[in-house]
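Please read all numbers here as calculations on a predicted model, not as lab measurements. The sequence lines fix the lettering, A, B, ..., with proteins before strands; numbering per chain opens at 1.
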Protein chains: 2
Amino acid sequence: MPPENAKRPTIYDVAREAGVATSTVSRALSNPDRVNARTREHIVAVAERLGYSTNPLARALPSGRTQTLALFVSDITNPHFFGIIRGAEQQARAAGCTLIVGDTEESPDLESRNIERLGRSVDGFVIAASRMTDKAIKQLAAQHRLTLVSRQVGGVPNAIVDHVDGTRQIIEHLASLGHRSVVYLAGPRRSWLAGQRWRAVQPVARRFDMTAARLGPFPPAVHGGAAAADAALGSGATAAIAHNDLLAIGMLRRFAERGVRVPEDISVVGYDDIFGADFCSPPLTTLAGPFEEAGRVAVDLLLSMRDPVRNHPPRRDVVLPSHLATRSSTGQAPR
Amino acid sequence: MPPENAKRPTIYDVAREAGVATSTVSRALSNPDRVNARTREHIVAVAERLGYSTNPLARALPSGRTQTLALFVSDITNPHFFGIIRGAEQQARAAGCTLIVGDTEESPDLESRNIERLGRSVDGFVIAASRMTDKAIKQLAAQHRLTLVSRQVGGVPNAIVDHVDGTRQIIEHLASLGHRSVVYLAGPRRSWLAGQRWRAVQPVARRFDMTAARLGPFPPAVHGGAAAADAALGSGATAAIAHNDLLAIGMLRRFAERGVRVPEDISVVGYDDIFGADFCSPPLTTLAGPFEEAGRVAVDLLLSMRDPVRNHPPRRDVVLPSHLATRSSTGQAPR
DNA sequence: CAACTTTTGGCAACCGCTTGCCGCAACTGT
DNA sequence: ACAGTTGCGGCAAGCGGTTGCCAAAAGTTG
């Protein structure tokens with residue numbers, strides 16, 4: 001028996017069966033106040049009996065509203081995005097929307113191509129950790145409803161976790177442990193966060209009279225850790241700040257291989273507090289943040305662009321607080 | 001400037017501009033052989049110039065084909081599903097389809113509700129690690145195109161990793177290390193895999209003259225590990241097989257807390273070989289499998305249901321080979 | 001050159017639902 | 001009792017494509 005063999009009932013079937021016009025059925029179902037309570041009940045009962053359910057495509061065609069949102073993440077295999085995905089999905093569901101999750105595999109091209117492709121069938125986009133240029137984002141934002149996570153571009157609503165303040169926390173923590181020289185292992189060149197973080201490292205390091213160097217870029221994945229670890233060691237710094245936890249974990253592994261003790265010989269810090277950061281060895285000191293919340297906020301911003309509320313100017317640049325999860329990968333600087 | 005203010009050109013605009021009928025435009029774009037090469041080129045050029053792109057919704061309405069597939073996983077925060085998601089997405093993209101990924105949060109209700117909700121706007125469903133009953137699945141499969149990952153239900157196409165053989169590998173490995181008693185820490189009652197695995201444990205254990213016990217169910221997450229570890233210890237077994245790596249990692253943590261040495265005091269094995277299994281401490285022995293492939297196959301099966309090929313009966317019950325990733329969490333049985 | 005086949009393009013009817021506008025009937029106030 | 005509201009339901013025109021059917025044009029054949 002092939003599926004879908006029996007045609008599903010339409011609004012016409014319901015109308016005929018209930019002895020009313022299709023418009024009445026439509027209104028009874030989606031605009032309840034517009035029709036008499038008695039008729040509505042009757043229609044609903046008939047619809048129920050026939051097993052009617054409205055076809056979202058047909059509904060979306062005239063209105064252009066699909067009740068669907070899309071979320072793109074730069075690497076779906078990075079547990080960091082879990083929180084964002086789950087938060088976004090919850091919020092979307094709460095608003096009666098479906099969420100499409102897509103992986104753009106670190107490719108700005110794939111980002112814009114996906115957006116172009118889905119443009120008509122989605123009410124808006126959230127892009128997490130976009131790898132596109134500012135210009136490309138602005139251009140896309142002029143054509144489509146768009147919000148960002150972990151990225152700020154003039155005029156485009158976004159939600160970020162405060163990594164500038166977070167970086168301050170990291171440096172202060174390292175300073176308090178007596179470190180005088182720190183190295184930042186950078187993420188991909190296209191990553192906005194990578195630039196921001198490095199820019200945040202410098203002034204704070206200066207304030208604490210530490211030397212700071214940047215190395216990289218490295219692929220923001222575990223396999224990038226080996227090269228990063230070797231480079232960090234070569235730099236002579238006593239503390240290493242990795243672009244993210246994936247990279248940090250890869251570094252820890254490499255250090256273990258080479259017999260370098262963490263934190264006795266070198267301290268390591270990551271960003272994101274991903275799954276695994278608390279049980280790698282040694283457990284990783286890392287900057288944690290409310291990423292689930294960031295996902296929720298980004299969807300909220302998107303929905304408020306779609307359904308603008310009077311006297312309620314859309315928020316932009318929502319900054320969420322971060323905090324340092326201090327674990328054993330950081331310790332007293334070797335003297 | 002509000003986005004979407006300028007209406008996008010339709011097929012009518014292109015037709016008018018090119019001086020042909022809409023049907024010709026439609027055919028030129030989607031059925032190239034049906035129109036003269038010269039006219040086609042002209043139409044394509046005009047379409048290009050106007051920035052026309054076809055509205056997928058309008059296209060989907062008459063045909064019922066949306067070129068969209070949905071994948072539901074039982075817990076999107078379990079890294080195990082990464083591979084499946086990525087594989088499915090790649091295959092979907094290769095076929096020109098969009099993939100919707102949804103999290104059903106271990107709830108069979110959410111599974112069926114989601115399917116009901118998306119039924120009309122999607123060409124088919126893949127469910128990974130479904131928590132629904134056989135009956136519910138069969139019923140849904142009669143109404144919708146549906147394939148499964150990590151689940152077998154009579155008649156419904158599916159892709160699984162061979163956990164029966166995998167379980168044999170686990171037991172043999174433990175037997176070879178001198179273990180005589182093993183305990184299986186079960187996953188959720190609704191998990192089909194949990195049942196299958198336990199059923200696979202028994203005969204093999206018997207063959208090797210080991211005693212086997214089952215405890216649980218435990219939530220298949222890190223936080224379920226504490227209770228599981230305590231229970232395993234209480235059972236007196238020298239080896240513990242956890243329902244999945246999340247649970248196993250939680251157990252390792254609890255053992256560490258309680259000062260129980262792994263593998264000296266007790267050996268631990270998991271399933272799935274997730275991100276983190278190789279860097280927890282001790283690194284986890286676990287059953288690995290080609291899950292990315294499983295995701296790909298499930299999408300393939302789905303597509304072949306949608307576009308049946310002559311003399312090409314649909315495959316079902318695709319079984320992929322598994323292999324044991326042996327690490328330090330298993331060792332000689334204590335005498 | 002007539003008769004016949006094959007291309008090629010147009011007409012118009014859907015696909016299933018929403019919504020602006022209209023008219024009827026019941027209700028209101030004087 | 002009559003004109004003026006108001007509430008409720010129906011008509012029909014879209015939304016933007018696809019496609020079966022048909023006719024005109026072009027090509028083929030004897």
Side-chain angles (χ1 to χ4, degrees), chain A residues 4-44 46-47 50-68 96 117-123, chain B residues 4-44 46-47 50-68 96 117-123:
Chain A
E4 317 278 338
N5 47 359
K7 294 194 55 167
R8 303 201 42 173
T10 75
I11 206 172
Y12 291 93
D13 300 320
V14 177
R16 182 162 14 82
E17 191 74 9
V20 296
T22 62
S23 50
T24 307
V25 176
S26 172
R27 284 195 273 256
L29 265 28
S30 53
N31 200 349
D33 300 334
R34 189 62 179 67
V35 5
N36 185 303
R38 283 254 297 285
T39 358
R40 174 168 13 109
E41 275 162 31
H42 177 216
I43 291 173
V44 169
V46 170
L50 262 46
Y52 169 82
S53 70
T54 125
N55 179 335
L57 263 64
R59 191 201 312 255
L61 186 49
S63 66
R65 290 288 196 88
T66 58
Q67 305 289 54
T68 301
R117 221 168 69 74
L118 288 181
R120 317 282 311 149
S121 26
V122 146
D123 289 349
Chain B
E4 315 277 340
N5 49 356
K7 294 195 56 167
R8 306 200 40 172
T10 73
I11 204 171
Y12 291 93
D13 300 319
V14 177
R16 181 162 13 84
E17 191 74 9
V20 296
T22 63
S23 50
T24 308
V25 177
S26 172
R27 284 195 274 257
L29 264 29
S30 52
N31 201 351
D33 299 334
R34 188 64 178 64
V35 0
N36 184 305
R38 284 252 297 285
T39 2
R40 178 176 359 118
E41 276 163 30
H42 177 217
I43 290 174
V44 169
V46 171
L50 262 45
Y52 169 82
S53 70
T54 123
N55 179 334
L57 263 64
R59 201 217 286 272
L61 185 50
S63 66
R65 287 287 196 88
T66 58
Q67 305 288 57
T68 302
R117 220 167 72 72
L118 289 180
R120 317 283 310 151
S121 28
V122 145
D123 290 349

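Here the straight-line distance linking atom CZ of Arg59(A) with atom CG of Leu29(A) works out to 8.0 Å at 0.5 Å rounding. Atom CZ of residue Arg65(B) and atom CG of residue Leu57(A) lie 13.5 Å apart, to the nearest 0.5 angstrom. Interatomic distance, Thr10(A) OG1 to Asn55(A) CG, rounded to the nearest 0.5 Å: 10.0 Å. To the nearest 0.5 Å, atom CD1 of residue Ile43(B) and atom CD1 of residue Ile11(B) are 9.0 Å apart. Atom CG in Asp123(A) sits 8.0 Å away from atom OG in Ser63(A) (nearest 0.5 Å). In this structure, the separation between CZ on Arg34(A) and OG1 on Thr24(A) is 9.0 Å, given to the nearest 0.5 Å.
Checked by distance alone, Ser23(A) brings a side-chain donor or acceptor within 3.5 Å of a matching partner on the base of dC11(D). Remark: the Arg27(B) side chain and the dG10(C) base include a donor-acceptor N/O pair separated by less than 3.5 Å. Applying the 3.5 Å distance criterion, the base of dG9(D) shares a donor-acceptor pair with the side chain of Arg34(A).
Put simply, Ser26(A) has a side-chain N or O that comes within less than 4.0 Å of OP1 or OP2 on dT18(C). Distances shorter than 4.0 Å separate some side-chain N or O of Thr39(B) from OP1 or OP2 on dG9(C). Tyr52(B) has a side-chain polar atom (N or O) that falls below the 4.0 Å cut-off from OP1 or OP2 of dG17(D).
Evaluation of the salt bridge (Lys or Arg N to Asp or Glu O under 4.0 Å) rule for Arg117(B) yields no partner, not counting sequence neighbours.
Straight-line distance from the CD1 atom of Ile43(B) to the C1' atom of dG9(C): 9 Å, rounded to whole Å. Atoms CZ (Arg40(A)) and C1' (dG9(D)) sit 14 Å apart, rounded to a whole Å. Going from atom CD of Glu41(B) over to atom P of dT8(C) covers 13 Å, rounded to whole Å. The distance between atom CG of Asn31(B) and atom P of dG10(C), rounded to the nearest whole Å, is 15 Å. Between the CG atom of Leu50(B) and the P atom of dG16(D) there is a distance of 14 Å, rounded to whole Å. When rounded to the nearest whole Å, the span between CG of Asp33(B) and C1' of dT6(C) equals 15 Å. The nearest whole Å value for the distance from the CZ atom in Arg38(B) to the P atom in dT7(C) is 18 Å. Nucleotide dC17(C) holds its C1' atom 15 Å from the CZ atom of Arg8(A), rounded to whole Å.
Scanning residues 56-68 of chain A for heavy-atom distances under 4.0 Å to DNA chain C yields Ala58(A), Arg59(A), Pro62(A).
With hydrogens and angles left out, the side-chain atoms of Arg8(B) and Ser53(B) include a donor and acceptor closer than 3.5 Å.
Looking at heavy-atom distances under 4.0 Å, Val25(A) makes no contact with the nucleic acid at all.
Remark on DNA chain C: of its neighbouring residues Thr24(B) and Pro9(A), the 5'-side contact belongs to Thr24(B), judged by nearest-heavy-atom nucleotide.
Closest contact between the side chain of Ala21(A) and the listed nucleotides dG9(C), dC17(C), dG10(D) involves dG10(D). The side chain of Val20(B) approaches dG10(C) more closely than any other nucleotide in the set dT18(C), dG9(C), dG10(C). The Asn55(A) side chain lies nearest to dC17(C) when the options are dC17(C), dT18(D), dC8(D).
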